Amino acid sequence: MNIFRLTGDLSHLAAIIILLLKIWKSRSCAGISGKSQVLFALVFTTRYLDLLTSFISLYNTTMKVIYIGCSYATVYLIYMKLKATYDGNHDTFRVEFLIVPVGGLAFLVNHDFSPLEILWTFSIYLESVAILPQLFMISKTGEAETITTHYLFFLGLYRALYLINWIWRFYFEGFFDMIAIVAGVVQTILYCDFFYLYVTKVLKGKKLSLPA
Amino acid sequence: REFTYIHDEL
């Protein structure tokens with residue numbers, strides 16, 4: 001465990017909690033892509049099946065349980081409890097265009113052709129693109145609430161910190177996981193355009209809105 | 001071959 005990985009994990013946790021609290025406190029999930037949240041719930045479910053097979057540390061287990069729990073709570077709020085506020089008309093990204101190629105790739109490029117390992121690989125690939133429905137929704141409506149942009153910022157920050165973590169681990173532990181690294185780079189790149197808008201607009205106190 | 005990959009990252 002190094003400082004980049006820890007802050008990366010905490011940043012990820014912050015993103016998840018910010019989103020959940022925003023929805024809970026405002027009793028509204030307007031502007032949030034339910035599809036992205038379902039994809040994230042699927043990501044955590046398929047990745048953390050090793051909760052049942054191997055114990056790594058109390059920290060590891062606790063964080064996994066919190067991530068899974070929060071992601072399902074978010075999906076529950078969006079599709080059940082606060083369904084009336086869900087902006088489904090603008091959440092029109094076709095997720096099968098992500099799931100099918102990602103599933104195929106997980107079968108073709110993995111560390112080991114076993115069920116758990118393929119599901120883990122699937123979750124890594126899926127996570128790298130799971131935010132696309134949310135970004136698509138923002139590009140469609142042309143704006144995002146400031147709190148939503150904070151959520152996206154912490155989610156992107158988590159990824160950027162993990163990249164530094166992998167450089168660290170390569171130098172000091174000789175560890176590298178090519179699948180995680182390539183997917184992580186792709187994921188971070190997807191956030192770059194958003195980061196630019198966040199720094200130039202949101203941090204200067206303006207609302208994030210895109211030119212028509 | 002029985003080998004389980006340990007993925008220690010989140």
Side-chain angles (χ1 to χ4, degrees), chain A residues 1-2 4-13 16 43-44 46-57 59-68 110-121 123-124 127 158-159 161-163 165-166 168-169 173 175-177 179-181 183-184, chain B:
Chain A
M1 175 65 77
N2 58 61
F4 302 109
R5 196 160 138 209
L6 180 64
T7 47
D9 288 345
L10 293 177
S11 168
H12 196 182
L13 184 65
I16 293 169
V43 163
F44 292 136
T46 51
R47 184 175 309 169
Y48 298 156
L49 287 172
D50 64 354
L51 275 172
L52 306 171
T53 62
S54 54
F55 178 80
I56 293 160
S57 67
Y59 169 82
N60 191 282
T61 301
T62 310
M63 293 296 262
K64 283 175 175 172
V65 170
I66 294 175
Y67 287 181
I68 293 177
N110 52 53
H111 292 310
D112 183 39
F113 200 77
S114 66
L116 265 189
E117 194 56 28
I118 290 170
L119 285 171
W120 178 85
T121 312
S123 85
I124 293 289
E127 185 189 349
Y158 138 67
R159 266 298 136 182
L161 287 165
Y162 253 70
L163 290 187
N165 156 57
W166 288 323
W168 179 283
R169 290 191 78 179
E173 299 170 30
F175 167 92
F176 75 99
D177 183 332
I179 287 178
I181 291 171
Chain B
R1 186 168 73 103
E2 277 299 313
F3 179 75
T4 311
Y5 277 87
I6 302 292
H7 299 292
D8 65 338
E9 292 178 342
L10 298 164

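Sequence lines set the chain letters: A, B, ... in the order given, protein chains first and strands last, and positions in each chain run from 1. Here the structure is a predicted model, which means the values were calculated and not measured.
Between B/L10 and A/K64 there is a side-chain heavy-atom pair separated by less than 4.5 Å. Taking 4.5 Å as the limit, some side-chain heavy atom of B/E9 sits within range of a side-chain heavy atom of A/N165.
Distance check, rounded to the nearest 0.5 Å: OG1 of A/T121 to NE2 of B/H7 gives 6.5 Å. In this structure, CG in B/D8 is found 6.0 Å from CD1 in A/I56, a value given to the nearest 0.5 Å. Separating the CD1 atom in B/I6 from the CZ atom in A/F55 is a distance of 12.0 Å, to the nearest 0.5 Å.
Only the side chain of A/D50 comes within contact range of chain B, with heavy atoms under 4.5 Å apart. Residue A/Y48 touches chain B through its side chain alone, counting heavy-atom pairs closer than 4.5 Å.
Taking a 6.0 Å sphere around CZ of A/F175, one finds it holds more than 12 heavy atoms contributed by other residues, nucleotides or ligands.
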